[in-house]
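Proteins get letters first, then strands, A, B, ... in listed order; numbering begins at 1 in each. Hydrogens, waters and symmetry mates play no part in the numbers below; they use all other heavy atoms, side chains included. Everything numeric here is computed off the predicted structure, so don't read it as measured data.
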Protein chains: 6
Amino acid sequence: FDGFEVQIDADHERADMVLNRPPLNVIAMSQREVLRQVFEALDAHDDVRVIVLRAEGEHFSSGGDIKGFLEASPEHVSKLAWNVAAPARCEKPVIVANRGYTFGVGFELSLACDFRIASETTRYALPEQNLGQIPGSGGSARLQKIIGITRTKHMVMRAKRITGAQALEWGIATECVPDDQLEAATRSLVEELRRFSPLAQRTAKKLINDNEDSPLSVAIEMEGHCYSRLRSSNDFREGVEAFHAKRKAVFRGE
Amino acid sequence: FDGFEVQIDADHERADMVLNRPPLNVIAMSQREVLRQVFEALDAHDDVRVIVLRAEGEHFSSGGDIKGFLEASPEHVSKLAWNVAAPARCEKPVIVANRGYTFGVGFELSLACDFRIASETTRYALPEQNLGQIPGSGGSARLQKIIGITRTKHMVMRAKRITGAQALEWGIATECVPDDQLEAATRSLVEELRRFSPLAQRTAKKLINDNEDSPLSVAIEMEGHCYSRLRSSNDFREGVEAFHAKRKAVFRGE
Amino acid sequence: FDGFEVQIDADHERADMVLNRPPLNVIAMSQREVLRQVFEALDAHDDVRVIVLRAEGEHFSSGGDIKGFLEASPEHVSKLAWNVAAPARCEKPVIVANRGYTFGVGFELSLACDFRIASETTRYALPEQNLGQIPGSGGSARLQKIIGITRTKHMVMRAKRITGAQALEWGIATECVPDDQLEAATRSLVEELRRFSPLAQRTAKKLINDNEDSPLSVAIEMEGHCYSRLRSSNDFREGVEAFHAKRKAVFRGE
Amino acid sequence: FDGFEVQIDADHERADMVLNRPPLNVIAMSQREVLRQVFEALDAHDDVRVIVLRAEGEHFSSGGDIKGFLEASPEHVSKLAWNVAAPARCEKPVIVANRGYTFGVGFELSLACDFRIASETTRYALPEQNLGQIPGSGGSARLQKIIGITRTKHMVMRAKRITGAQALEWGIATECVPDDQLEAATRSLVEELRRFSPLAQRTAKKLINDNEDSPLSVAIEMEGHCYSRLRSSNDFREGVEAFHAKRKAVFRGE
Amino acid sequence: FDGFEVQIDADHERADMVLNRPPLNVIAMSQREVLRQVFEALDAHDDVRVIVLRAEGEHFSSGGDIKGFLEASPEHVSKLAWNVAAPARCEKPVIVANRGYTFGVGFELSLACDFRIASETTRYALPEQNLGQIPGSGGSARLQKIIGITRTKHMVMRAKRITGAQALEWGIATECVPDDQLEAATRSLVEELRRFSPLAQRTAKKLINDNEDSPLSVAIEMEGHCYSRLRSSNDFREGVEAFHAKRKAVFRGE
Amino acid sequence: FDGFEVQIDADHERADMVLNRPPLNVIAMSQREVLRQVFEALDAHDDVRVIVLRAEGEHFSSGGDIKGFLEASPEHVSKLAWNVAAPARCEKPVIVANRGYTFGVGFELSLACDFRIASETTRYALPEQNLGQIPGSGGSARLQKIIGITRTKHMVMRAKRITGAQALEWGIATECVPDDQLEAATRSLVEELRRFSPLAQRTAKKLINDNEDSPLSVAIEMEGHCYSRLRSSNDFREGVEAFHAKRKAVFRGE
C-alpha cells in the first residue's frame, strides 16, 4: 500500500494499519480510498478482533498532501468524507494511537475511530483556515458533536492546536499517556477489548454511533431494542452464569 | 414496598424514596414499576415540593438482579426504560444522592433525575459489557447526550467505573461532596429548591427536558413561549415587586 | 444610541459596540432592537472585519430592565430572541469581552457571539428563577447545546453564578484572562482573526452555526459542500501557494 | 363517567368508549383526564384486544366546552395534550368511528387514534381561529406530519371543514364509508385486527409511532430491531409454520 | 422597483406585489433582494393585513435570468435562499396567485408563501436539470417536505411540469380555479383572512412554520404553548363571548 | 447469480438486473448481499448511465424465502437493511419496473429505488403481520416518510395490498401504466434520464436523499451548496449556452 502497511497479529487477534511515510506521514489523496478498503477487509477478517491505526515516527500525520487539494476534481473530493468515515462503519472496535502532529485529515481519520489514545506530544489541529479552507472530511462536524459550538469555533476558526492533555479534558481523547507508553497503552486496550463478547461489543458500538443522530426518546428505544436482542444470545447467558459462578466468562460471539 | 421505603417530611415539603436492601441495594425487576408508581404519586402529593431518591448503607445500588435478566419476558423488558424514566417525567424537581456503587440500573435511574449529588466514594458505571450485554434502560442514551460519543464509548464499551469527582468534571454529577456531607448537601439543595416559584420551577424543568430533542431554533422558540406564559403569572409579578422592594419573594405557584 | 455607543477603527478593520450605562449596563427593552440593527449595519460595513461587543466599567451587564418585563406586550416579547440572536446571524466574527456581572440578557447576548473572552472577575448567570421566571431569549437553549442537561439545570433551575474560569472549563468561554488583560486579549484576537481569509472565515462560521441543528451525517455533508465551494476560490489558491512558498498568504476574500 | 360510557364485549375482545352527550357530544375540560385514565385501564384489561372510540347520535363531537377554555388555569391547560394523546400511548390498536361534526378536541382525539373510519357525513375541522385561538392539544402538530404544511395552513389558518371523502384522499382517514355502514365497518376492522398476533401488532404500532420522530436512517435501524426481536417469538414461528402448512395461524401473543 | 410594483389598498388592508416584466416576468438576480426588502416593509406596514404576490400577464414567472446565473459571484448566490424565503418570515399571511408558467425561482418564491392559488393554466416546474443545474433557493427542499421523496425526484430529476390541478391533488396548491377567476379567488381569500384575529393568525402561521423542523413531541408542546399564550388575549375573550352571543367577533389583535 | 441476471446494454448506457426465479421471484436470504454487490459494481461501470431493476414473468417478487427467516442468525439479519438500501446509495439513477405481486422485501427493494414504474397489475404489500412479523429491511420506515402515519398503519398493521393506481395516487409510484407498456415506459424513462447532465443528476439524487433527514433550514442550505458547486461545472455552462443558442445541450459530466 502506498503510504501505509498492514500487520496482522493473529495471536492477539489484532490488525495494525501503520502510516509509514515519516516523518510527517502525509496522507495522499488516493490513499484515503485504499485505507477505506483495508478497513473493510480487516473488518471481515476472521483472525482480527481489534483494529489499530497508528504511525511510524514522531508524528501521526501532518494531514493531506496540500498540493493534491488543488488538483483533485470536485467529484473526487465529495467522496473524501465517506472514505474517512471507514473506521466508524467497521463493526469491530478501532483504536488510534496519536503522537506528535495529528492535523487535518490525520485528525479527521482519528475522530472517526472509537478510541483515541493520545500521548503527551500529541498536537491535534484542523489548520485549514490557515490555507483559506475549512476541514472537508467531517472533522468539524464530528468535533462539534463532541465539544460543542464554542470550542469548535475556537479550534476551526482559529486553527488552534491543542495538546493531548487538553483533548482528554475536552472529551476528544480517550486516554493521554507519556509518549513512551503509547504502544503499551494501545496493547493494553487491545487486550481489554478482546475480553468482551464480540457480539455485545459490536452491538454497543453500532448503538452509540446510531444514537448520535437520534432524539433522546428514540435513542432510549434503540437502546432497549439492542438490550432485548442480546438477551437471547448465548454470550449473555454465559456472562450471567460466569458472574454467578464467580468465574471468567468465555464469550463466543453468538 | 419491596426494596425501598418512602418518607414524607411535610414540614420541609420533601419526600424521600430510600432504597433499603443494603449493602448492595439490588433493584429487583418488579421494583422498577413500583418505583415509577411512587414517583407518580409523590408528584401529585400536595405536601411535597421536592423528591429525593437515596439509599441506605454504603452503596446506592449495584444495579439490577442479574438472574432476573434471564427470566423476564421480552415484553416486560421493553417497559423498563419507561419505568426508569419516571423521575424525568415528574413535574417536581428530583434529587438523587449517590454514594458508593452506583451501577447499571442504579446509575440509569440516577441519570433520569434532575440533580445528582455524588460523594467522594461514588463509583458510577454501566458494567453490562462484562456480562455480554449493554445498558437497557436509557443509561447509554442519556449519558451520550451529556458527555458525548468518546466518553460514552469509554464508559459503555469498556465498562469503566468513574469517581464522583470525575463525574462532576464531566458534567454528569451536579455536585461532589465528602461522603459525610452527602445528607447535608442534599438537605441544603432541597431547601434551596423550595425557595423558588413552583410554577417557574416546573416550567424550567419541562422546558429543559423537552429541549433535549429540539433543534436549536425550535429550542429558542420553546424558551420564548415558556417565558411568555410565565409573564402573566402572579409569581412573576411577586418576584419583580419583591426585587424592587429588596425583600424576599413569597411565591404561591400561581 | 440609547445605552451603547459604536466605535469604528478602520485601521484595524474593527467595530466596537460598547454598552455605556455603567455601572450595571442594564439593557433596556427597546435597546435590543437597536442592537440588532447595528449588528446588521456593521456586518454590511466595508471597513469592518471583526465586531467586538464590550462594556464600560466593572460589569458587562446585570441584564435587562426588570420593570420593563412587566410592561412589554406579549407580542413584543416574542421578538426578543430574534434580536438577541443578531450576533449569530452576522457573517463576520463577533467577539464579546465579558467582565464582572454578565447576567440575564447580557449573558444571552454573549452566548450568541462567536468568541467569549472572560476575565477573572466574570460571573455568568441566568438568575431569572429568582424572579419566578426563566430565561426568555435563548439563553437556556444555547447553554444546553454547549454544556448538556445536567449543568443547564444547575445554572437555570438554581440561578447559579459561575466564574469565568468555570465557564472556560465548561466550554462556555473561549478564553479566561486576568481582568487587566481583557482589552489586550480582545485586541489580540481581533488581529488574529483579521489574518484569515474573510471568505473561508464566514464559511466556517455559517457552517458551524448551521451544524448545530444537523444530524451528524448531514453535518458531514454540509462540511463537504463548504470545502468544495472554497476549493475554487482565489483565497484557497493563494493559501496553498503561500504555504509552499513559505510566505504569508495575502487573502482578498474572493 | 361524565360524558361517555364504556362497554366491554369480551366475546369479541373489544372495548368501546362511547361519547354520550348528544347531539354535539361536547367534551368537558375534566373529561379529558378521565378519558385518558380509561384508555390506560382498557389497555391493561385482559379481555380487550381492540379499543373503539365512538359517539352516540349524529355527530362525533363539536369539540370542547368553549366556556371552559376561559376558566381553566394555564397549568391545567398544559396537561391537555398529554391526555388527548392517550390513544397513541395505548399498546392495543385504537379505532375511532367519526360521523358528522368532528371538530376541535374531538378531531384531535381522533388524530391520536390508529385508525379513523369516517362516514359520508363526517366533517373534520379545527375551527379555533374563529374564536381567536389555535388548536391546543396537538391537532395542528399531528395534522402537519400527515398532510404537510400547505394543507395544514388551509385547515388551521382558514378553519376549513373537510369531508370524510376529502380526509380519505388526504391520508387523514383510513376509510370512508356510507353513514349507515359506519358500525359495520368498525366491527369488521375489529375482527380483522383480532386475527393478527397481538405481539407483532403492538410492536408495529409502537415502531410506527416512534418513527414519526426518527431520521430515516434511525427509523430503518428501529425497524430492523423490531424485526429481530420478533424473530425469536413463538407467534412468528407459528406464523411461518401455518403459512407453509397452508392453515390459519393461531397466535398467542408470545 | 425593477421588475415589480407595489400597490397598497388600505380600504381592504391589502398590499400587492406585482411582477411586471411580462410576458415571462423573468426575475433578475438583484430583484430578489429588493423583493425581500419590500416583504419586510409591508410586514411592518400598519395599513396592511394581507400580502398578495401576483404577476401581470399570462405567466407568473418563467424563473430567473439564466445568463445571470453564470455571472453572479458564489458569495452572492449563497444569499439567494434567504431572500426567497422572505414570505415565510413575514408575520402576516402571504397569498400568491399563480397562472401560466411558474418555474424555477418563480415557483420557489411561491412555495415560500402561505397560500398558493393556482389556475387551470398554471404549470409548476423546477426545470434546472435541463440546464445541468438543480434548484438553488430552497425549491427542492420545500417541495420534499410537502410531497415526499418520490414526487420530488419526479419533479426535480425529470424537470417535470405539473398542472395547477395536479398541484392541488398533491397538496402543493391551496386552491385551483378557472383562470378567469384567479383574481376573484384571491380577493375572496384576502377578505376571509382579514376576518380572523391578527394575533391568532400570526401565531398560527409562525407555529406551523416552526413545526416543520420539530419532532412530533416537541411540535405538540409548541402548539400547547401558543394556545396557552393566546388564552390571555383580549381577542380570544372576544371570540368566546361573540360565539356565545351568536354575534360576529370584532378582533383587535390584542 | 442465484436468482437474478445482469444485462448491460452499452448502446443505451443501461444495465438491467433481472430477477429470474419466476413465477414468484422469491428473493433468497443470500441473494440480498449479491444484489448489493452488483448494484455497487454497476454504479462503478463506465458504460452504464441508468440502472434498471425488473423481473421475469407475471410478478416482480412475492418477497423473501419465508423458511429462511427462521434459519438466519440474528446477526445476519441485521445486515439486511444495508443490502436492501443499495439502490439508494448508487450515484446513478435506479428505475424499478413493478408488475404483479411486489411484496415484502420485493417492495422494500423497490422503495429504495429512485423511480417506481408500476403497471395496472401491480400489487404492493408488506404482508409480514400475517406471519406475526413486521417488515424488517426499511419498508415501513421508507413508506412512512412518503405516505404518513395513517396510511403506513393501514398498510403495515393491516397487511393491505394496494394497486399500482393507488400507489401512484399516494405518491409511492412515479408512474402507473397498462401492463403491456411497462417495458416501453421503462425504456422511455431510461432515455429521458440519459439526456441530463450526469453530474447534475447525481447531485440532485444525493441532495434529495440527504434531505430526507435534514430539518427544513438545513435542507435549504444543502440545496444552496449543491447549486453553488454545480455553477462552476462545464455542464452548467454548456446548459446555459445551449439554452440561449436554442440548441440541445451536450453534457459531459464535468
Quiz item: Using non-hydrogen atoms only, which part of F:E192 is less than 4.5 Å away from chain E: side chain, backbone, both, or neither?
Solution: side chain
Practice problem: Taking the side chain as every heavy atom from C-beta outward, state whether F:N211 and E:K145 have any pair of such atoms under 4.5 Å apart. | Solution: no
Self-check item: Contact winner vs chain E - F:R237, F:K205, F:E212, heavy-atom pairs under 4.5 Å
Solution: F:E212
Exercise. Examine distances only and state if a side-chain atom of F:E223 and a backbone atom of E:G138 form a donor-acceptor pair shorter than 3.5 Å.
Key: yes
Quiz item: Can you tell me how far the CD1 atom of E:I134 sits from the NE2 atom of F:H225, to the nearest 0.5 Å?
Solution: 11.0 Å
Practice problem: Report yes if the side chains of F:N209 and E:I149 come closer than 4.5 Å at any heavy-atom pair, otherwise no. | Solution: yes
Practice problem: Please name the pair of heavy atoms, one in E:G132 and one in F:L230, separated by the smallest distance, quoted to 0.1 Å. | Solution: O-CD1, 4.1 Å
Quiz prompt | Between OG1 on residue F:T203 and CD on residue E:E128, distance to nearest 0.5 Å | solution = 13.5 Å
Quiz prompt | Interface moiety of F:E241 toward chain E, non-hydrogen atoms closer than 4.5 Å | solution = neither
Quiz item: What distance do F:R195 atom CZ and E:R158 atom CZ have between them, rounded to the nearest 0.5 Å?
Solution: 10.0 Å
Quiz prompt | Qualifying residues under side-chain contact (heavy atoms from CB on, under 4.5 Å), relative to E:E58, sequence neighbours excluded | solution = none
Quiz prompt | For chain E, the option from F:N234, F:T174, F:D235 that forms the most heavy-atom pairs under 4.5 Å | solution = F:T174
Quiz item: If you check every heavy atom in residues 99-124 of chain E against those of chain F, which residues fall under 4.5 Å?
Solution: E:E108
Exercise. Name, in order of residue number, those residues of residues 165-173 of chain F that have a heavy atom at a distance of less than 4.5 Å from a heavy atom in chain E; otherwise write 'none'.
Key: F:L168, F:E169, F:W170, F:G171, F:I172, F:A173
Quiz item: How long is the gap from CD on E:Q133 to OG on F:S233, to the nearest 0.5 Å?
Solution: 6.5 Å
Quiz prompt | Toward chain F, the part of E:K153 with a non-hydrogen atom under 4.5 Å | solution = both
Exercise. Quick one: which of E:A159, E:A85, E:S214, E:A141 has the most heavy-atom pairs under 4.5 Å with chain F, could you say?
Key: E:A141
Practice problem: Report the distance from atom OG1 of E:T152 to atom CD1 of F:I146, rounding to the nearest 0.5 Å. | Solution: 10.0 Å
Going by atom type alone, with no hydrogens or angles, which donor-acceptor pairs under 3.5 Å involve a side-chain atom of residues 245-254 of chain F and a protein atom two or more places apart or on another chain?
unit_1 : atom_1 : unit_2 : atom_2 : d
F:R247 : NH1    : F:E238 : OE2    : 2.6
F:R247 : NH2    : F:E238 : OE1    : 3.3

Self-check item: Contacting moiety of E:Q144, where chain F heavy atoms sit under 4.5 Å
Solution: side chain
Quiz item: What are the two closest heavy atoms between F:F243 and E:L131, and how far apart are they?
Solution: CB-CD2, 3.7 Å
